[in-house]
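Each remark here refers to the structure printed beneath this line.
Protein chains get the first letters and strands the later ones, always in sequence-line order, with residue 1 at the start of each. In what follows, every heavy atom counts, from backbone to side chain, and hydrogens, waters and symmetry copies are set aside.
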2 protein chains.
Amino acid sequence: MNISQAAKQAGLTSKALRYYESVSLVIPGRNPNGYREYSPAEVETLRFIQRARSSGFSVEEVGELLQLYRNPARRSHDAKLLVREKIEQVEEQLRNLKEMRSNLRALADACAGDDSPHCAILDQLAGGESR
Amino acid sequence: MNISQAAKQAGLTSKALRYYESVSLVIPGRNPNGYREYSPAEVETLRFIQRARSSGFSVEEVGELLQLYRNPARRSHDAKLLVREKIEQVEEQLRNLKEMRSNLRALADACAGDDSPHCAILDQLAGGESR
DNA sequence: GTTGACCTTACCCCCGGGGCAGGCTAAAAA
DNA sequence: TTTTTAGCCTGCCCCGGGGGTAAGGTCAAC
């Protein structure tokens with residue numbers, strides 16, 4: 001299968017597939033004309049990558065997941081550990097974003113939002129009172 | 001004030017200050033020896049930038065906030081609009097992260113996490129059933 | 001005078017690709 | 001058959017927001 005077909009099957013772009021090859025995640029064979037030829041198994045691996053990426057794993061972490069996927073002597077404990085670490089990272093990002101949001105809400109609430117130049121948002125960013 | 005002192009006062013790094021200068025946010029004067037010389041007002045602006053950045057605004061958006069800050073004919077409405085847009089962006093990120101988290105939790109819950117190679121996490125990433 | 005701390009510019013690096021240039025190749029239309 | 005169009009190839013620069021480091025100038029203390 002050609003690169004663009006494989007990309008479509010996996011919900012990715014051709015560029016992403018070339019990138020994943022460059023970082024040794026999926027290295028397809030080549031036709032005599034030099035075109036990449038993706039086997040059905042490689043397309044499955046690409047779908048694996050797409051799902052793992054959209055669950056928040058970095059490309060490097062996807063590489064670790066793929067190593068487990070390809071290793072018949074794996075222990076499911078190791079996969080679960082990766083997922084739990086990712087959950088904790090996501091939760092930290094959630095905490096950070098929630099703090100930003102409450103911060104922003106306080107700014108917005110303090111500002112009249114009218115045609116006057118007086119603005120509590122700019123005042124607070126400038127002076128930092130009651131932050 | 002020298003760059004490292006100004007950076008310390010603002011809670012930033014010297015490198016960041018040079019970067020902010022390169023993108024025209026704060027352009028300090030120069031001493032005869034070529035060193036950057038930050039005025040107290042410029043240090044205040046740097047603190048403004050630091051607070052806006054830690055509230056989630058991009059460098060480009062901070063530039064817009066600074067334009068308002070420096071414009072005595074501004075309308076507070078415009079500042080409030082920027083803040084509300086940022087709140088919506090933050091909330092979309094929160095939604096995405098929460099979906100990731102529930103996704104990850106489902107993966108983790110389905111996996112025994114023992115010494116066996118059978119792993120529901122890898123199965124689901126591979127096959128996509130019950131995602 | 002010399003040492004160490006600070007400053008300067010200039011370069012490459014991170015992630016995860018996007019976009020484009022220039023050149024082949026394959027498939028479809030005339 | 002020829003031409004057009006579409007798809008593929010590699011290689012390069014770009015994004016944010018700086019971090020790290022190198023090579024060199026400067027300043028203050030001892």
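The pair A:Arg30-A:Glu21 meets the salt-bridge criterion, with a side-chain N (NZ, NE, NH1 or NH2) lying under 4.0 Å from an Asp/Glu carboxylate O. Salt bridge B:Glu91/B:Lys98: absent, no basic N to carboxylate O contact under 4.0 Å.
Residue B:Thr13 places at least one side-chain N or O closer than 4.0 Å to OP1 or OP2 of D:dG19. Neither OP1 nor OP2 of D:dG17 sits under 4.0 Å from any side-chain N or O of B:Tyr20. Neither OP1 nor OP2 of C:dC7 sits under 4.0 Å from any side-chain N or O of B:Asn33.
Between A:Tyr38 atom OH and D:dC8 atom P there is a gap of 10 Å when expressed in whole angstrom units. Straight-line distance from the CG atom of A:Leu25 to the C1' atom of C:dG16: 12 Å, rounded to whole Å. Rounded to whole Å, atom C1' of C:dC15 lies 12 Å from atom CD of A:Glu61. Rounded to whole Å, the distance from CD on A:Glu60 to P on C:dG17 is 14 Å. In this entry the distance linking CG of B:Asn31 with P of C:dT8 reads 9 Å, nearest Å. Atom pair B:Leu17:CG and D:dG19:C1' shows a separation of 15 Å (rounding to whole Å applied).
Counting heavy atoms from C-beta on, the side chains of A:Arg84 and A:Glu88 never come closer than 4.5 Å. Contact of the B:Arg53 side chain with the B:Val62 side chain is registered, since non-hydrogen atoms from C-beta on lie closer than 4.5 Å. Counting heavy atoms from C-beta outward, A:Tyr19 and A:Leu25 have side chains that stay 4.5 Å or more apart.
Panel note: side chain A:Glu99, backbone A:Asn96; no donor-acceptor pair is recorded below 3.5 Å. Side-chain N or O atoms of B:Ser76 include one that pairs as donor or acceptor with a backbone N or O of A:Asp114 at under 3.5 Å.
Comparing B:Glu21 and A:Leu12 by the nucleotide of DNA chain C that holds the closest heavy atom to each, the one mapping nearer the 5' end is B:Glu21. Of the two residues contacting DNA chain D, namely A:Ser14 and B:Ala16, the nearest-nucleotide position lying further toward the 5' end is that of A:Ser14.
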Using a cutoff of under 3.5 Å, can you pull out all pairs of nitrogen or oxygen atoms linking the protein to nucleotides 10-13 of chain D, with atom names and distances?
residue : atom : partner : partner atom : Å
D:dT10  : OP1  : A:Arg30 : NH1          : 3.3
D:dT10  : OP1  : A:Arg30 : NH2          : 3.2
D:dT10  : OP2  : A:Arg36 : NH1          : 3.1
D:dT10  : OP2  : A:Arg36 : NH2          : 2.7

N/O-N/O pairs, protein side and nucleotides 2-7 of chain D side, under 3.5 Å:
residue : atom : partner : partner atom : Å
D:dG7   : N2   : A:Tyr35 : OH           : 2.9

Derivation and outcome, side-chain contact (heavy atoms from CB on, under 4.5 Å), residues B:Tyr38 and B:Leu17: CA-CA 10 Å; B:Tyr38 286 87; B:Leu17 266 57; 3.6 Å; yes

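Listed by chain and residue number, A:Ala73, A:Arg74 satisfy the side-chain contact (heavy atoms from CB on, under 4.5 Å) test with A:Asn71 (two or more places apart in sequence, or in another chain).
The nucleotide whose nearest atom lies closest to any side-chain atom of A:Tyr19 is, among C:dT25, D:dC27, C:dC15, C:dC15.
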